[in-house]
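None of these values were measured; they are calculated from a predicted model. Along the sequence shown, residues carry numbers from 1.
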Amino acid sequence: MAGKRKTNPAGSTNSYRADVLRGLGALKVATADQIQRIGAPHLTFRHADKEPASKQKQARTASHTGALSDMRKHGLSENGGSTETGDTLRNLTPKGLEAASYELRRPATEMGSTARGAGSSGASHPMAVNETVIALLRPKPEVAKLADDPPHVRAAAQAAVETPPGVGTIGSYWTEVPLPATGTWNAPGKGGAQADVVLTAPQDGVGVLFIEVDNCHETAEELAAKLEKYARFFRRTVKDTDGQERPMWRTRWAVPEHEYGEAPHPPVLLVFNHIGERNPNRTIPRLQELTRHLWQGERMREGYHSYDRRIPIVVVGLRSLREHGPQGPVFFRFGRDRPQPLLDAIGNPRLAAFLAREAEEGRARQAEYRAQLREIAREQAAKKAVEAAREAAQREASRPACAACGARFTDERWEAAEETDWGRPVDTHPHLCAGCKAVAVASAAPTPGRQEEHQEPLPEWARPEFMRFPRRPRCTECKAAFTDERWKAVERTGWGPVRMEARPTLCGDCDLQFESDLDQAWGVSRRQEQHDQDQEQDQAVPKPKSGGWFSRLRS
């Protein structure tokens, strides 16, 4: 603890020094009161019951005042004069700006100047800028940090938490930002403007918003000239990293492209702090007429306005902004007849409504189209189901039945019975089911060991010593027993003019079926060819001459 006290004699903590770096890094110059309201708003409720107001301010800013004292000892901050109310102004040194760049996660080159000497004349304009940032930011207290405080303190803090939120964080705000119409970002040329505040909070619906704060010291013509410089900067294009020409402001602030190909310029918010001699109620109408060519849109047939290449100019009073915040209907946009909340004022609600209607109609058309597709699919499925049922009924009606038992064939048996080889059935019993076929095949096959017992007697013409088939043969194809005629035909040995049967293992019907298959396949029956060859042989054999010893022998 002694070491920490030696390093930071005022007893500041890292969190309070970080509050100072973030606050002064964004605002450039501020009081301890403004830094406390931004960085630790819960302290406002902790010391709200102190009297008088000076003691209350001293109590709630003591922690940040100590942090500023320690930072000044380390060369990070310095005092820069005082306000008209006597509050000490604080700003960062170059070393402090470098430290603040780490807290705000910004490049050191974009931190701006140290604002040294801003308080020499009371810094009324920087104070108004800071109050504008606080009014837009609306910092919320952390109720958890007030757990040990009285109930009425926690209740007041909870009530503040439940008020409408602000826009962005302190890191969303940039002050004293040059807008070069000529030159570069770091070395702007003549003819450009300098934005008091630039707000980038896409998480809250604000892509980029340029803010000008007027203490009612400038005339409408002077403000119009400043807006002309804004327009000149917005129209400036540069070559981007991809080689394409783009508006210069888009190379620093990323804002999504607008729908329908529109390219409106970023909005500009004018905040009037009525401490000067000019009446904003008179300045605003005159300014509206002078800048009509900058903000006036084109009414479209669909009922919305197109603001292509136009600047949305919005005005608001600082007092109304403090009271209602960015959610309140206190922002008046040039060209519209009533005040609106900030997001509506800088946006295009009618175009958004039109796009929403188109999107809804598109979704409805898509839903209707998908419903039609589903209905067509259902109809096709129903039609296919009916067709499949009809085909199944026809198939069942044509399913063959067993000639023996009458049972319907199974799919496997039906397929096996219909298989053919060259148009001739392959199955030996195509009219029987699988069970009846097995019985028929078993009954037709000879029983081993009992063949002699049931052997029928040989016919009279049979001579066992010369027979090819000593028992009645069976057809190898249909298993039917040979008739006597077929048995006798296949017993020909081929001696003499009568040729032997070509297929002695087939019965007569199977032999005729085989000849028919050949006739269909080749066009000419082999049996016919055999008959023709036999006739040619008979004609080729010469008849014996009459007479001679052989004739006498015959006679």
Side-chain angles (χ1 to χ4, degrees), residues 23 26-28 30-31 33-38 41 44 83 85 123-141 159-177 195-201 204-218 220 223 226-227 230 266-276 278-285 287-288 295 311-334 336-347 349:
L27 303 178
K28 301 301 186 296
T31 64
D33 171 66
Q34 292 171 336
I35 295 172
Q36 176 268 315
R37 284 190 285 153
I38 294 174
T44 302
T83 66
T85 58
S124 60
H125 184 264
M127 293 302 99
V129 171
N130 295 350
E131 292 301 324
T132 298
V133 171
I134 295 173
L136 288 171
L137 190 58
R138 295 177 74 86
K140 302 294 183 181
V161 171
E162 294 174 355
T163 57
V167 179
T169 64
I170 189 60
S172 304
Y173 294 83
W174 312 62
T175 58
E176 305 295 331
V177 180
D196 292 335
V197 184
V198 177
L199 169 60
T200 57
D204 293 328
V206 181
V208 60
L209 174 64
F210 295 86
I211 304 173
E212 281 293 319
V213 180
D214 178 34
N215 284 334
C216 295
H217 295 307
E218 297 178 288
L223 292 174
K226 187 177 292 187
L227 291 174
Y230 270 92
V268 177
L269 174 64
L270 298 175
V271 181
F272 290 92
N273 182 26
H274 195 185
I275 62 175
R278 300 194 179 278
N279 187 354
N281 293 330
R282 296 180 181 178
T283 303
I284 291 175
L287 179 62
Q288 183 175 355
W295 56 262
I311 304 175
I313 300 177
V314 185
V315 297
V316 69
L318 181 56
R319 185 181 303 171
S320 299
L321 180 59
R322 281 173 174 168
E323 181 180 356
H324 300 281
Q327 305 292 334
V330 293
F331 297 86
F332 178 78
R333 177 168 172 174
F334 287 175
R336 298 182 182 174
D337 56 357
R338 64 183 183 277
Q340 299 172 296
L342 177 62
L343 294 184
D344 291 341
I346 65 176

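In this structure the side chain of D196 never reaches within 4.5 angstrom of the side chain of I211, judged on heavy atoms. L269 has its side chain within reach of V316: a pair of non-hydrogen atoms, C-beta onward, lies under 4.5 Å apart.
The structure places CZ of R37 at 7.5 Å from OG1 of T44, a figure rounded to the nearest 0.5 Å. From L199, atom CG reaches atom CG of L209 across 5.5 Å, with rounding to the nearest 0.5 Å. Here R338 contributes atom CZ and R336 contributes atom CZ; the two are 8.5 Å apart, rounded to the nearest 0.5 Å.
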Review item, side-chain donor-acceptor pairs of residues 161-174, under 3.5 Å, at least two apart:
unit_1, atom_1, unit_2, atom_2, d
E162, OE2, Q158, NE2, 3.3
T163, OG1, K140, NZ, 2.4
T163, OG1, A160, O, 2.6
T169, OG1, G171, N, 3.4
S172, OG, T169, N, 3.1
S172, OG, T169, O, 3.4
Y173, OH, V167, O, 2.7

Going by atom type alone, with no hydrogens or angles, which donor-acceptor pairs under 3.5 Å involve a side-chain atom of residues 319-327 and a protein atom two or more places apart or on another chain?
unit_1, atom_1, unit_2, atom_2, d
R322, NH2, E131, OE1, 3.3

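Checked against side chain to side chain contact (heavy atoms under 4.5 Å, CB included), D214 has the following partners two or more places apart in sequence or in another chain: E218, L223, F272. For H217, the side chain to side chain contact (heavy atoms under 4.5 Å, CB included) test picks out N215, E277, with sequence neighbours left out. Not counting sequence neighbours, P339 has no partner by the side chain to side chain contact (heavy atoms under 4.5 Å, CB included) test. H274 meets the side-chain hydrogen bond (donor to acceptor under 3.5 Å, both in side chains) test with no other residue; sequence neighbours excluded. Checked against side-chain hydrogen bond (donor to acceptor under 3.5 Å, both in side chains), T283 has no partners two or more places apart in sequence or in another chain. Every residue two or more places apart in sequence or in another chain that forms a side chain to side chain contact (heavy atoms under 4.5 Å, CB included) with F334 is listed here: I284, L287, Q288, T291, W295, I313, V315, F332. In terms of the side-chain hydrogen bond (donor to acceptor under 3.5 Å, both in side chains) criterion, R278 has no residue partners (sequence neighbours excluded).
The shortest non-hydrogen separation linking R282 to P285 is O-CD, 3.5 Å. Closest of all the heavy-atom pairs between A26 and T175 is O-OG1, 2.5 Å. Across F331 and A345, no two heavy atoms sit closer than the pair CB-CB, 3.9 Å.
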